[in-house]
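In what follows, residues are counted from 1 in the order of the sequence shown.
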Amino acid sequence: QVQLVESGGGLVQAGGSLRLSCAASGRTFSSSAMGWFRQAPGKEREFVAAISWSGGGTSYTDSVKGRFTISRDNAKNTMYLQMNSLKPEDTAVYYCAIDATIASIKGDSISRRWGQGTQVTVSS
């Protein structure tokens, strides 16, 4: 069973930047896609970004394109989300996810695993 631990969340003013990290452990990481979701109070969990095992394939939701960059360092078993030009509407709990492919990350899959989440708050 893979374990995922997010870190790097916090409070930042609009226009600022944060970098989230997701550390993974377990066999699954050796050949799995990873991604980020977020959930604001009263709203459904929303896909943010995903990356293939090799890093050669990425996917972003339209609202973060040009502002967020997903990456991974397999030697460290860690995925990152660099968030720039943050807006108040980016405020949410951000969750790390892992599954076989980007399509599995984005879709409804019983094999998808989740981290515990990290809070990101962007003030006006």
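Rounded to the nearest 0.5 Å, atoms CZ (Arg67) and NZ (Lys87) are 4.5 Å apart. Between the OG atom in Ser32 and the CE atom in Met79 there is a gap of 11.5 Å [rounded to 0.5 Å]. Taking SG of Cys22 as the reference point, atom CD1 of Ile98 lies at 7.5 Å (rounded to 0.5 Å). Atom-to-atom distance recorded for Phe68:CZ and Thr61:OG1 is 10.0 Å, nearest 0.5 angstrom.
Under the 3.5 Å distance criterion, the side-chain polar atoms of Glu6 are matched with a main-chain donor or acceptor of Cys96.
Smallest separation of non-hydrogen atoms from Ser109 and Asp99: OG-OD2, 2.9 Å. Taking both residues in full, the closest heavy atoms of Ala24 and Leu4 are given as CB-CD2, 3.6 Å, listed atom of the first, atom of the second, then distance. Summarising the geometry of Ser59 relative to Ile102, their closest heavy-atom pair is CB-CG2, 4.1 Å, with the distance given to 0.1 Å.
Each disulfide (SG to SG under 2.5 Å) pair with one or both residues in residues 39-84, not counting sequence neighbours, would appear here, but there are none.
Note: the hydrophobic cluster containing Met34 also contains Tyr60 (ILVMFWY, side chain heavy atoms under 4.5 Å, direct or indirect links). Placement of Ile70 and Leu20 within a single hydrophobic cluster is found when ILVMFWY residues are connected by side-chain heavy-atom separations under 4.5 Å, directly or transitively.
A side-chain donor-acceptor contact under 3.5 Å links Tyr94 and Arg38. In this structure, a donor-acceptor pair under 3.5 Å is absent between the side chains of Asp73 and Thr78.
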ring-ring contact (aromatic ring centres under 6.0 Å, His included) for Tyr95 and Phe37? Distances and angles first, verdict last. CA-CA 5 Å; Tyr95 296 91; Phe37 288 71; 8.7 Å; no
